[in-house]
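In what follows, a single structure is set out as structure tokens and then discussed.
Since this is a predicted model, take the numbers as computed values, not measurements.
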Amino acid sequence: MIPISDELRTAMKKAAEDVGNPYQLSLKAGVSNATVLKWLDGKTSKIYEKTLYQLLPWLLIHMSMEELENYQRTVEYIITECKLDLARVDESCCNVESLQERLDISEKLLEKLKNFLTAKKWKSGANGKIMADPVVSEAVPITESGIMPKAIPVLSFAQAAGYEPALEPLCDYLQETSDRTAVFYDVPENCFALEVSGDSMAPDYPNGSIALIAAGEFPQRGDIVAAKLSNGQVVIKEYHRSNNIITLTSINPDGKNFEWHCKEQPGYVQWMWPVIEINLKPRDRRWAQRKMGI
């Protein structure tokens, strides 16, 4: 994690004013409004680098060159991923349309950012590396596909159990509840992340894995799903359906399974959505395999 300096915190406050308020800034960063308020109040002294990636386009115009040099790798990432026309930045010829579309910012803020980059003389060297006079450092590789990383709010099983779809939109609940994020690529709308708890899905998906949940989508047979049962319990299982009988099974033979008739027991689950991607640590999976004697 990166320490939040006084100047960085001041830049956050000014950025919140630029976009409207701290809540709007939280939407840009992909974190909860409560987290942003803690940054601004000084109650949180550090920030994840991946979260700073999300915020930096709005912070750049409020930071001195000396301060930016402390975050130069992050600055390089933003400039590279936004595909600025760095070779012509000294002529104020940034790729305006690409930048505005990727960052989803107003024309006014875009102009301020473009002028800032021009004034700071960010440019690309002959070998493709990115330089800010007079400091030079390694460039972050360009994502040729154009797919941008996105910080997704993460919920624990206990936090996910508190979500009631009939009472509030998912986005509002995530803003109020989630206090951290995980980075995924090419993420569809209305997704959140869930931290796997327990060993029922081990060794394939060990405890601590981060699952990307496609809220609102219907699962298909064989999908891994996250579900909230009628008793309030949240589980991650493998989904099967045959003749209106739904079965949620564990990969671990010692894990608990669930089965019900969807027509006769329609309220057995409060919500159930497919897992479309999982981040896990190979060492954790190897440890789970050893634990299970595999």
Side-chain angles (χ1 to χ4, degrees), residues 1 30 46 48-51 147 149-163 170 174 177-188 190-262 264-265 267-294:
M1 296 183 74
K46 293 184 178 181
Y48 285 106
E49 187 172 12
K50 59 193 177 186
T51 306
I147 297 174
K150 185 175 182 180
I152 302 299
V154 178
L155 298 179
S156 65
F157 273 23
Q159 290 171 326
Y163 176 55
L170 177 61
L174 293 174
T177 308
S178 176
D179 54 5
R180 60 198 179 103
T181 60
V183 173
F184 290 88
Y185 290 80
D186 196 21
V187 180
N190 211 33
C191 284
F192 69 97
L194 186 63
E195 182 177 13
V196 176
S197 177
D199 297 325
S200 69
M201 298 302 285
D204 291 3
Y205 312 114
N207 182 58
S209 300
I210 305 296
L212 181 64
I213 314 298
E217 291 192 13
F218 290 97
Q220 300 178 12
R221 291 178 178 85
D223 278 350
I224 303 299
V225 300
K228 179 182 177 182
L229 308 181
S230 57
N231 62 4
Q233 180 183 3
V234 171
V235 299
I236 286 186
K237 302 291 180 182
E238 187 173 296
Y239 171 86
H240 296 280
R241 176 172 176 169
S242 178
N243 296 325
N244 292 325
I245 301 295
I246 295 177
T247 306
L248 300 183
T249 60
S250 301
I251 292 177
N252 188 333
D254 295 330
K256 187 175 182 180
N257 301 327
F258 301 90
E259 184 177 283
W260 71 98
H261 193 287
C262 64
E264 297 176 359
Q265 300 170 280
Y268 193 88
V269 292
Q270 297 187 37
W271 51 258
M272 180 168 60
W273 300 309
V275 173
I276 58 176
E277 189 175 339
I278 293 185
N279 288 347
L280 57 84
K281 299 177 181 178
R283 288 182 179 178
D284 289 346
R285 181 153 62 179
R286 289 201 303 270
W287 182 86
Q289 289 171 336
R290 293 193 190 102
K291 184 178 178 181
M292 297 173 63
I294 298 176

Considering only heavy atoms from C-beta outward, does the side chain of Val275 approach that of Val225 to under 4.5 Å?
no
For the backbone of Val196 and the side chain of Tyr205, can you confirm whether one donor and one acceptor N or O come within less than 3.5 Å of each other?
no
- Query: Angle class for the Phe192/Trp273 ring planes (parallel below 30°, perpendicular above 60°, tilted otherwise)?
  - Reply: perpendicular
Indicate yes or no: at least one non-hydrogen side-chain atom of Lys291 is less than 4.5 angstrom from one of Asp199. yes
message: Could you check whether any side-chain heavy atom of Arg241 comes within less than 4.5 Å of a side-chain heavy atom of Cys262, counting everything from C-beta outward?
response: yes
Smallest heavy-atom separation, Leu248 atom then Lys237 atom, equals CB-CB, 3.6 Å
**Q.** Side-chain donor/acceptor of Lys228 to backbone N/O of Ala161, under 3.5 Å
**A.** yes
Sub-4.5 Å side-chain heavy-atom contact between Phe157 and Ile236: yes
When every non-hydrogen atom of Pro203 is compared with those of Gln289, the smallest separation belongs to CB-CG, 3.4 Å
Thr247 and Glu259: side-chain donor and acceptor closer than 3.5 Å?
-> yes
Margin query: Checking side-chain polar atoms at under 3.5 Å, does Ser200 have a donor or acceptor matched by the opposite partner on Lys256?
Written below: no
Heavy-atom nearest pair, Leu155 first then Ala160, reads CD1-CA, 4.0 Å
Quick one: does Asn207's side chain have a donor or acceptor within less than 3.5 Å of a partner on Gly198's backbone? yes
message = Whether the side chain of Gln159 engages the backbone of Ser156 through a donor-acceptor N/O pair (distance < 3.5 Å, no angle test) should be reported.
response = yes
Nearest heavy-atom approach of Leu194 to Val234 is CD2-CG1, 4.1 Å
Within-4.5 Å side-chain heavy-atom neighbours: Phe184 and Ile210 = yes
* Counting distance only, does the side-chain N/O of Asn243 pair as donor-acceptor with the main-chain N or O of Ile245 below 3.5 Å? -> no
* Is there a donor-acceptor pair under 3.5 Å between the side chain of Thr177 and the backbone N or O of Leu174? -> no
Can you tell me if Asn190 uses its side chain to pair, donor with acceptor, with the backbone of Ala215 under 3.5 Å? yes
Apply side chain to side chain contact (heavy atoms under 4.5 Å, CB included) to residues Tyr239 and Ile246 and explain how you reach the verdict.
CA-CA 7 Å; Tyr239 171 86; Ile246 295 177; 3.7 Å; yes
Practice problem: State, yes or no, whether a side-chain contact exists between Leu212 and Ile152 at a heavy-atom distance under 4.5 Å. | Solution: yes
So OG of Ser250 and CD of Glu238: to nearest 0.5 Å the spacing works out to 9.5 Å
